[in-house]
Protein chains: 2
Amino acid sequence: MKRPTMKDVARAAGVSPMTVSRAVSGEPGVSPDTAARVEQAVRELGYQRNDNARSLRQKDPRTSTIGLVVDDLANPFYALMARSVEDEAHRRGFLVLVGSTNDEPRREREVIAAFTARQVDGLILVPTNGGHGFLKQPMEAGTRVVCVDRPAKGLAVDTVTVDNRAGAERAVSHLLGHGHTRIAYLGDRFDIWTQRERHAGYLDALASHGIPEDPALVRHELRSQPHAAAALAELRALPRPPTALFTTNDLITIGVMDGLGHPDPIALVGFDDFPLADRLSPPLSVVSQDPVALGATAANLLFSRIDGDRSAPRSVVLLTRLIVRGSGAGGGRSR
Amino acid sequence: MKRPTMKDVARAAGVSPMTVSRAVSGEPGVSPDTAARVEQAVRELGYQRNDNARSLRQKDPRTSTIGLVVDDLANPFYALMARSVEDEAHRRGFLVLVGSTNDEPRREREVIAAFTARQVDGLILVPTNGGHGFLKQPMEAGTRVVCVDRPAKGLAVDTVTVDNRAGAERAVSHLLGHGHTRIAYLGDRFDIWTQRERHAGYLDALASHGIPEDPALVRHELRSQPHAAAALAELRALPRPPTALFTTNDLITIGVMDGLGHPDPIALVGFDDFPLADRLSPPLSVVSQDPVALGATAANLLFSRIDGDRSAPRSVVLLTRLIVRGSGAGGGRSR
DNA sequence: ATGAAAGCGCTAACAT
DNA sequence: ATGTTAGCGCTTTCAT
């Protein structure tokens, strides 16, 4: 039972393969009568056009396939983004190949190489911190690229991010506004661009309120919930412990939660909203970003490039939103 | 700047295209000296083999691409599954096309048709409730199919599920063991196989404890958190309200949470574990299933089929686990 | 409206 | 070890 080809359909319908091609692709120049006979043969044989072969020969060399390369598809944030990209692609008749990098430059390269070898028309990329020179030649050959969530150093392509720095600044200012002066920063890997931005926003807020930075209150490289919990315990053991916390992603926020109430209450604002954040005690105040909007914006940019837009690379910054729920007011001298 | 082909590389290296083919694919019969010259030309031109063209001509007609079709990629459960499938695929040098169906048979067909038109070697499918006759011809033509999370009615393929019925039975028995006799069932769309199974498990537990079923306590079609919350309110207004709840997915569990404490406390066991379920008040007792294991198992089955396994379709049932955290003990006469 | 010939980029099969 | 020929399934181009 091999896959039938146009030749088989042509034989069954008593026409030439070329006529089948036209009929199957809905092109003009086929009489209604012939079209019906072809359709009949297609149904009988269960014929389906081989789109790989098709795109090999077509004048317009598109495969109608894009690649989506994220840090980790299992991360709800990227899952939402992926779904959003998929919907935009589906609307346009495009398919989506997905790959996770684990933030490893080597795996990123492997995945992208496999994608371009399949002739994807474009790539939506959450870039790792590694170099991206390997993208130059595919891009010259026509592969369009859009970065999302973070920019790729030295890569001049459309990029969609959120205002990480301003969002962090607002979060920390909120804590400052409640009278806190000793605000700890709990962050993830500092080699991730978003983390550096959020740290800069933290410093911005302190500076604009005339609070000197205390290095003892800054922790980077918190890569898991236990790391975050341990960091909080250390901070608590300080001679002058913080009265408030700024956590830079949901994992850290959650990791730190259990230690919020005792011995003294500590205020908290976290980056990233997540389900149930409003139902915890205390309800968590967070900076929220919209992964669906990120994905849709990136996809729209990519498709306009695929459709021929050759203008200069654009940089789109989406806004974050501070959601005040209560955890930012507790602790400190305000209570 | 068109994409260079083997011909271009051949010219640059002063050899025939066939030699380039052999060199690039690492096949024997190329002198080290020639291989080096080819490699040099490849680098200079930024050549990359066109794998679509390759698979068109190869004896073994594989594309090393599989399709993953889920209900909704944004759902954390399927996102975890997808990541797990992707990892298995990556290990074997396969790529993954993804598509969401929204549980709509029509979109399922569209997505699968687009996948098979790209000659995917196999499909991992969370089937909708619609018919799957359209899969027959691709399968005869060599496309392997594995169902996951739920079976496809009338489709004889490998299927990986969890013991939904037994898991539900255990959950409800747990509540019965705490003295509850009026246990409500709050379920999602009854046309979803997993929901019917969980409902059957609910009835099993009642029956084995000699408790008659009370139709007033059974609610289906709860498709969102507000629906679930409203259903609980109605149940509470009953002359003889339930003292415990069995909820059949995380959305319903969460939707119902706010109404758990007042006016009377109600016990709860939910199907599906989710992040922070242990940190809510009360901590939620749940039946947990492992999406990563589901994905990995399905992928392994699929790849063994792709590798030539022609044995009869298998059905793999993974076990769920009852996680007792406290919410199952409250309410009822046990307090 | 239909078909024949050529060729997309690659590799199987058969030379040499 | 290397090259030549043919052809995968399709569409372009140019007939008719």
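All values derive from a computational prediction rather than experimental measurement. Convention: sequence-line order gives letters A, B, ...; per-chain numbering from 1.
- Between B:L97 and B:V120 there is a side-chain heavy-atom pair separated by less than 4.5 Å.
- The B:A53 side chain lies nearest to C:dC10 when the options are C:dT2, C:dC10, D:dC10.
- In terms of phosphate contacts, A:S21 brings a side-chain nitrogen or oxygen within less than 4.0 Å of OP1 or OP2 of D:dT11.
- At the phosphate of D:dT12, neither OP1 nor OP2 sits under 4.0 Å from any side-chain N or O atom of A:R57.
- Applying the 4.0 Å criterion to OP1 and OP2 of C:dT2, one finds that A:T34 has a side-chain N or O inside that range.
- Rounded to whole Å, atom C1' of C:dT2 lies 11 Å from atom CZ of A:R37.
- A side-chain N or O of A:T116 and one of B:Q48 form a donor-acceptor pair less than 3.5 Å apart.
- Within the structure, every side-chain polar atom (N or O) of B:S16 is placed at least 4.0 Å from both OP1 and OP2 of D:dT4.
- Here B:S55 lies out of heavy-atom contact (under 4.0 Å) with every strand.
- For the pair A:D8 CG and D:dG9 P, the computed distance is 8 Å after rounding to whole Å.
- Comparing C:dA12, C:dG3, C:dC10 against the side chain of B:Y47 picks out C:dC10 as the nearest.
- The side chain of B:M18 has D:dT4 as its nearest neighbour among D:dT11, D:dT4, C:dG9.
- You'll find that the side chain of A:N50 is closest to D:dG9, out of D:dG9, C:dC8, C:dT11.
- Distance from the side chain of A:R49 is smallest for D:dT11 among the nucleotides C:dG3, C:dC10, D:dT11.
- With A:W193 as the fixed residue, the side chain to side chain contact (heavy atoms under 4.5 Å, CB included) test singles out one of A:D149, A:N129, A:N164: A:N164.
- Here the side chains of B:D71 and B:F77 are not in contact, with every heavy-atom distance at 4.5 Å or above.
- Here the side chains of A:P105 and A:H132 are not in contact, with every heavy-atom distance at 4.5 Å or above.
- Distance A:M6 CE to D:dT12 C1': 13 Å, rounded to the nearest Å.
- An OP1 or OP2 oxygen of D:dT11 is reached within less than 4.0 angstrom by no side-chain nitrogen or oxygen of A:K7.
- Going from atom CG of B:N52 over to atom P of D:dC8 covers 18 Å, rounded to whole Å.
- In this structure, B:R118 atom CZ and D:dC8 atom P are separated by 23 Å, rounded to whole Å.
- Among the heavy atoms of the strands lying under 4.0 Å from B:R22 is at least one base atom, whether or not backbone atoms are also near.
- Between A:S31 and the phosphate of C:dA1, there is no side-chain N or O to OP1/OP2 separation shorter than 4.0 Å.
- For B:Q58 and C:dT11, the CD to P distance is 7 Å, given to the nearest whole Å.
- In terms of phosphate contacts, B:K59 brings a side-chain nitrogen or oxygen within less than 4.0 Å of OP1 or OP2 of C:dA13.
- Note: CG (B:D51) to C1' (C:dC10) measures 10 Å, nearest angstrom.
- Side-chain contact between B:N300 and B:E88 is present, with heavy atoms from C-beta onward closer than 4.5 Å.
- The nearest whole Å value for the distance from the CD atom in A:E27 to the P atom in C:dG3 is 15 Å.
- You'll find that the side chain of B:L56 is closest to C:dG9, out of D:dC10, C:dG9, C:dT2.
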